[in-house]
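Both counts, for ligands and for their atoms, begin at 1 and track the order of listing. Not measured: the values here are computed from a predicted model.
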Amino acid sequence: MCGIIGYIGDRPIIPVLLEGLRRLEYRGYDSAGIVFLEDEEIKIVKTKGKILNLEEKLFNDFPKKAKAPGLGHTRWATHGEPSDENAHPHFDCHKSLALVHNGIIENYYELKTKLIAKGHKFYSATDTEVIVHLIEDFLNQGIPLKEAFFKALKELKGAYAVALIHKENPDFILVGRNQSPVVIGLGQQENFIASDIPALLPFTKEVLFLNDGEVAILSKYQVEIYDLSGNPVARAPYHVTWDIASAEKGGFDHFMLKEIYEQPEAIKNTMLGRIDLDKNQIDFSQEGLDLKFLKGIQRFYIVACGTSYHAGLVAKYLIEKELGLPVEVDIASEFRYRNPILDEKTLFIGISQSGETADTLASLRLAKEKGAKTLSICNVVGSTIARESEVVLYTKAGPEISVASTKAFSTQVLTFILFTFYLKQLLFGENEKKQKIEALIKLSSQLKIFIEKVHPKVKTLAQKWYQAQNALYLGRNILYPIALEGALKLKEISYIHAEGYAAGEMKHGPIALIEEKVPTVILAAKETGIVYEKTLSNAEEVRSRRGPIISLVTEGAKEFQKISDEYIEVPLTFYEFLPIFYVVPLQLLAYEIATLRGCDVDKPRNLAKSVTVE
Ligand code: AGP
């Protein structure tokens with residue numbers, strides 16, 4: 001939830017830290033700070049508010065002699081409200097140590113009490129400050145810095161990615177990880193650390209991933225990795241294929257709009273190498289998904305959070321329909337504290353764009369404990385959930401910077417479509433119809449045309465409804481999760497209270513919300529068969545209570561056009577592809593309404609891109 005960056009080398013330290021922080025700001029943005037050496041002293045500059053405030057403070061009194069090593073941090077408060085004091089970096093009693101942290105130290109209070117009793121002076125309300133005083137305490141006992149760092153980490157309970165510098169040891173940065181993500185960037189006579197890859201791209205594409213319970217010592221010339229017992233760990237570098245452009249706005253006003261328009265490309269990339277047109281087959285065998293792995297699987301348990309959870313709900317409709325096997329879908333924060341019934345006949349599927357969401361990660365670990373087989377669908381290569389799953393199917397959406405997830409969702413759904421077709425082949429020897437595989441190949445170009453065609457219509461719609469206070473989204477069958485996703489998008493970036501509901505459930509309560517100021521967005525597709533008619537009756541129920549209707553319907557759906565105040569036509573397609581088409585106008589509607597309301601679309605209030613604490 002916070003973003004950390006660090007550098008050791010000869011480049012001017014301030015620009016490196018600020019560049020990295022700007023690329024991490026979507027992870028948290030209520031306060032920020034940096035630390036570097038100046039005249040062999042630790043110099044900290046930090047402030048409440050966005051990176052912009054920090055830049056202002058620096059440029060009003062620019063530290064001309066600033067030198068590496070240096071660290072930076074952008075915060076999303078958990079302990080202690082956003083303030084200058086609670087901003088990171090934090091330092092010890094003598095300002096010789098400085099530390100940045102992403103995560104939550106659960107036993108901080110107990111440690112803090114002990115340290116105060118020993119005379120340590122605390123000035124912030126954060127859990128993080130405890131770590132730097134703990135290290136200081138071991139130093140005071142004459143224990144060398146590296147050992148003191150290891151010892152302190154062993155005392156911590158909770159999630160952390162920490163980085164530390166010491167004025168008396170300017171030749172290295174110490175980094176530790178448990179649950180929270182941290183990536184090391186390798187350079188020529190310089191090295192970097194960051195919470196994720198996009199922050200490193202301006203400097204290097206050679207990275208190393210740190211696992212839980214590991215420590216890295218970065219000097220200008222090398223990176224050493226150890227486990228917490230001090231044993232050296234060998235780790236091969238990974239070459240990142242993403243480029244900087246993909247982590248920048250490419251001429252769009254916001255990352256969210258850019259990422260909506262990137263969906264056709266993302267869909268195409270996610271299919272690449274997974275469709276064998278000659279054999280008219282899907283192929284995941286290169287990714288370890290084969291009969292040997294699937295042997296004995298009788299049910300699926302899909303677990304995720306937020307938008308990824310909605311992709312899981314779509315998968316339930318696909319898998320049950322095509323494979324006739326039972327699928328449970330659950331919210332990770334509930335799954336992990338229930339007693340879910342899983343065993344070796346269960347395939348646990350964790351879905352996560354970031355691959356770092358704490359509740360989904362914990363659910364994966366619980367599923368493993370219960371003997372289930374594990375597969376994950378992730379977008380960030382080398383992320384923890386991906387590395388801890390037996391099989392990982394990557395969505396190839398590229399970096400998703402905007403907090404509101406869009407292209408990750410459509411590529412998650414696509415991955416499930418491919419997964420379902422593939423299992424039909426493997427388990428039942430049934431290839432998908434050639435026509436449908438051909439339509440799959442055309443999906444990307446069809447979607448591109450649809451986005452460009454529908455956007456102007458959505459813009460007009462947003463003009464009419466951006467002042468609404470409440471909204472209802474209704475859908476049935478495979479469009480029910482899309483109604484949930486549409487409502488989530490509107491909620492999270494425009495702050496309008498929106499509810500997604502199964503249309504058939506409406507008369508059991510939410511129908512009471514229907515009134516002239518509350519727009520109801522209704523999704524209906526002829527490809528869903530009988531439920532199309534049922535949805536039409538639900539629309540009638542809204543109409544008869546004077547509720548304004550915005551319907552998203554299959555081209556030529558006259559019945560809906562007659563009773564809707566506004567309608568958006570969606571091209572005819574195959575049942576399986578409906579979610580990918582129907583979600584786009586809802587993403588655009590939320591985007592246009594949020595911009596009209598002056599909301600910070602890419603960094604909506606109270607939200608962060610990767611939720612690494614529970
Ligand atoms: C979606 O727009 C939100 N950012 C949020 O609900 C997100 O989907 C959720 O936090 C899960 O994130 P993940 O896919 O990275 O695990």
Q) Cationic tip of K373 within the cone over F348's six-membered ring, i.e. under 6.0 Å and within 45° of the normal? A) no
**Q.** Closest heavy-atom pair and its distance - H73, H101
**A.** NE2-O, 2.8 Å
**Q.** Taking every non-hydrogen atom, the tightest pair across A161 and I4
**A.** O-CD1, 3.8 Å
Q | Ligand-side contact atoms (ligand 1) for residue partner S308, heavy atom cut-off under 4.0 Å | A | 8 (O), 13 (P), 14 (O)
Q) Is it the side chain, the backbone, both or neither of E492 that has a heavy atom closer than 4.0 Å to ligand 1? A) side chain
Q. Does any N or O atom in Q412 lie less than 3.5 angstrom from one in ligand 1, N or O only?
A. no
Q: Output the list of atoms in ligand 1 that are nearer than 4.0 Å to some heavy atom of S352, sorted by atom number.
A: 13 (P), 14 (O), 15 (O), 16 (O)
Q. Just which atoms of ligand 1 are under 4.0 Å from any heavy atom in T307?
A. 1 (C), 2 (O), 6 (O), 8 (O)
**Q.** atom 10 (O) of ligand 1: nearest protein contact (heavy atom, Å)
**A.** V611 CG2, 4.0 Å
Q) Looking only at heavy atoms of T360, does any of them come nearer than 4.0 Å to an atom of ligand 1? A) no
**Q.** Distance from atom 9 (C) of ligand 1 to nearest protein heavy atom, with residue and atom
**A.** C305 O, 3.8 Å
Q: Could you tell me if any non-hydrogen atom of K489 lies under 4.0 Å from any atom of ligand 1?
A: yes
Q) Can you list the atoms of ligand 1 that are under 4.0 Å from a heavy atom of S405? A) 1 (C), 2 (O)
(Q) Within ligand 1, which atoms have a heavy atom of Q353 less than 4.0 Å away? (A) 13 (P), 14 (O), 15 (O), 16 (O)
**Q.** atom 6 (O) of ligand 1 - nearest protein heavy atom and its distance
**A.** G306 CA, 3.3 Å
Q) Less than 3.5 Å between some nitrogen or oxygen of V403 and one of ligand 1, yes or no? A) yes
Q) Judged by atom type as modelled, is there a donor-acceptor pair below 3.5 Å linking the side chain of D30 to the main-chain atoms of G49? A) no
Q.
With heavy-atom distances below 4.5 Å as the criterion, would you say the side chains of F419 and L423 are in contact?
A. yes
Q: Examine R605 relative to Y495 and say whether NZ or CZ is less than 6.0 Å from the centre of the six-membered ring and inside a 45° cone about the ring axis.
A: yes
Q: Please list, chain by chain and in numerical order, all residues satisfying side chain to side chain contact (heavy atoms under 4.5 Å, CB included) with K464, sequence neighbours excluded.
A: E566
Q: Among all protein heavy atoms, pick out the one at the shortest distance from atom 12 (O) of ligand 1; state its residue, atom name and that distance to 0.1 Å.
A: T357 OG1, 3.5 Å
**Q.** Atoms of ligand 1 close to A404 [distance to a heavy atom under 4.0 angstrom, numbered from 1]
**A.** 2 (O)
Q) With sequence neighbours left out, what residues match E328 under side chain to side chain contact (heavy atoms under 4.5 Å, CB included)? A) R299, Y301
Q.
Check the orientation of H254 and Y591. Use parallel for under 30°, tilted for 30 to 60°, and perpendicular for over 60°.
A. perpendicular
Q. If you measure only the distance, is there a donor-acceptor pair under 3.5 Å linking the side chains of T307 and K489?
A. yes
